[in-house]
Amino acid sequence: MQTVLSEDQALIRESAQRFGADHGGGDRLRALRDGASGFDPEDLGDAGGDGWLALLAPESAGGAGLGALELCLVAEQAGRALATFPLVPAAAGVLALAEGGESFAELLAGAIAGEALIGPALQGDSRGDAAHPVGLTGGSGGDLKLSGRLMAVPAAANADGFIVDAGEGESRALVLVEADAPGLSAEAARNIDGSPLGVVSLGEVPVAEAAVLARGDAAALLRRRLDTVIQLGLSAELIGVMDAAQEMTNEYLKTRSQFGRTLSAFQALQHRAVDNFMLVESARALVFEAAGFSDRDDGHADWLASAAKAKAGPAVIEVCNSCIQLHGAIGFTDEHDIGLYLKRAMAVSALYGPPPAHLKRYTEHALSAHNDADAEIPHFRVDSDDEAAFRQDVRVWLEKALPERLRNLPTRPNAEDSMWWHKQLHGQGWVAPAWPKEWQGMNASLSEQIILADEMARIGAPEISAQAINHLGPILLRFGNDEQKKTHLPGMVSGDVLWCQGYSEPGAGSDLASLRTSGVIDGDHLVINGQKIWTTWGHLADWMFALVRTDPDAPKKQQGISFILVDMSTPGITARGIQTLPDEDEYAEVFLDDVRVPLKNIVGEMHKGWGVATALLANERAGSANPRINIQALRRIKEKARTNGAIEDPAFRERLMRAELEVLAISAAFAGIVATHQAERELGPDASYVKLLGTESEQRLADLMIEAYGSDGALLLPHKPEDGSFDAASNFLRARRSTIAGGTSEIQRNIIARRVLDLK
Ligand SMILES: Cc1cc2nc3c(=O)[nH]c(=O)nc-3n(C[C@H](O)[C@H](O)[C@H](O)COP(=O)(O)OP(=O)(O)OC[C@H]3O[C@@H](n4cnc5c(N)ncnc54)[C@H](O)[C@@H]3O)c2cc1C
């Protein structure tokens, strides 16, 4: 999945990719690593020449006037290439100088050109979470003196100056300290990847008033901006590192043979590679959406940046570790480049606060008292005035229309309640947000669709059946003929006709294309015989859309299948309801004996139903990316943990916060998906990625909820939302479904392995 980029942003990424190819790579890195300083000033000069250091400075100061997203695009390529210069700290140094005003103009020009390296020196201790540890004595008018020690400063011994955050309250100041200032010493050290860093010691270093970049509140604000761009930029660099490492590993799997076949043919290794891919893509979604969002609304910027680092840090180590394992012994050598990625991952993760420090910062934000339910998970967007008005309308209407008993249900509502709610939404004109107006849809803008989903999640609205609105509707709109649309779309949208999906059979589950229910042409009818199973609401539905084999002699099993609409009252159909694990009236087995269905009910071409079916499955899987269930679950866990004190347990808090980061990533991925749809691109196998992401997190949240409930975790509680009770046990059981229905997690991994990663 890629963030949808503007033309300019795509160009930036392309040219950064070219730049990276010339200024990185394993051999170059080894040469520098084995040299005296680990740093070549020419690389920085070239980066300046290409404009990469000017990204964050305003145009009025000679910069490019761009934001964190553009920095991330470049930093990602720097990570991929194992770039040999500290791009992110240097670009942040430029930003700080640009904020300092006219008196820094000359130095700024040098820093933009890459002729001078001015790096932020902001880490006070090895945990990286001291806010501003440098002592500042003196006041305005008098001489300022700085004292303190700054750890892990990138390229400290090669820098021309440092941005230092010193003092407190009104006398807090962000100052520029030149490297040759009396009392300053920079002790050179090396990171594990060979890149230079060091400790900067300040012993009563005099600072002229003219070297103050910002003071008091302005200093705090500037520090916040620096922290934000640094963390986002480093996180993007980590994305590049892990992406390149997984790419290199997947190539290795495709070429190395053992047991008479390439490693890429082994499913155990394919699934490992997919798990790497999931880690890369979920971290990527969070980092890039956070960067884009922070450029639009910096109210959330700093804690989102910490979330990005807290997510990308552990992910990059896990991916690189896995990549080493997948290489076998060669991965443990210094000769192979894969180990360089692990070392770079370790080095970049540790800079400017390691991931646990950022998880701690994020936790402080997420659990702070002022943080109300609406603010907990960002939507990665800012409402315009019109959108805010629409949100308010939706909120007010939902409060009025949705009875308390249907809010926050632990399981799926029964058919009666679900269809009742469907009709209420229809009455309001909101049941089919994405459908065109011509068919009583909302033709809603992207923003309106997101707002509706957000507000439904906020109030805990029940699911409505997805079969008609999300699955069949879009298929009919795309593949159906006029008569089929006129006959079926109105009843689907009004909720007067209940639909079910007849795909699975006793012998055809994951291997759906081996289905055997047959359809034989007899005049202008198809005569259907066979059995469907696990058919949601098959015993209650009025109509079914089904797959039947109409050409048993077709050369491939995917060929010769037709997609047909079947009236469930047709003679020859019988259905038996099957209770689920959490005791829902969910699905049925459906028997079809000589069922005569008019040929005009075939959607698309005869024998070509497989293409229709798989397009529909992509819609179904993408639907499970909607983070609403996960956001609801997270909120409920927090509420429970606050009331019973579980939140005070540090071990539980950490698990909760890691789960929250996952939900943040899903929200970000969802925002990306909606944007992909907006650009009218097909989702294709990306649908499998979002299904895996959403459903596996849903299950982990259900597990965590049981933990939060403690000894009440196995109680069968009646649904009484008015007194705050919630049946966590049934919710836990229900969550088992999501990694099976709509195609199992294993099958999604197979699809991603083959179709996205090309591992066969
Ligand atoms: C709540 C619920 C609602 C459903 N609603 C509907 C519906 O409305 N309509 C409908 O048609 N179907 C429905 N289904 C069925 C669903 O699509 C199937 O259950 C699913 O596709 C898996 O098929 P199966 O159950 O036969 O499992 P199997 O295919 O038998 O799989 C068993 C196990 O083996 C694994 N496995 C199978 N093949 C492979 C492989 N090649 N590689 C690795 N692992 C593999 C699976 O991942 C799984 O873990 C529903 C299922 C559930 C749980």
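All ligand and atom numbering here is 1-based and tracks the order in the structure. The figures here come from the full heavy-atom set of this structure, side chains too, leaving out hydrogens, waters and symmetry mates. When a residue number appears, it is its place in the shown sequence, counting from 1.
Enumerated by chain and number, the residues approaching ligand 1 to less than 4.0 Å through a heavy atom are Gln267, Gln467, Gln501, Tyr503, Ser504, Gly509, Ser510, Trp534, Thr535, Thr536, Glu586, Tyr587, Arg737, Ile740, Ala741, Gly742, Thr744, Glu746, Ile747, Asn750.
Other residues, nucleotides and ligands contribute at most 12 non-hydrogen atoms within 6.0 Å of the CD atom of Glu416.
Ring geometry for Phe563 versus Phe545: interplanar angle under 30°, hence parallel rather than tilted (30 to 60°).
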Point to revise | Step-by-step side-chain hydrogen bond (donor to acceptor under 3.5 Å, both in side chains) determination, Asn750 to Gln270 | key: CA-CA 7 Å; Asn750 290 349; Gln270 291 176 353; over 6 Å; no

Exercise for review: Could you give me the CA-CA distance, side-chain angles and deciding distance for Asp417 and Arg405, then say whether salt bridge (charged side-chain N to carboxylate O under 4.0 Å, His left out) is met?
Suggested key: CA-CA 10 Å; Asp417 283 339; Arg405 72 177 183 87; 3.1 Å; yes

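Under a 4.0 Å N-O distance rule, the pair Glu586/Arg737 qualifies as a salt bridge.
Between Trp499 and His488, a ring centre-to-centre spacing shorter than 6.0 Å is recorded.
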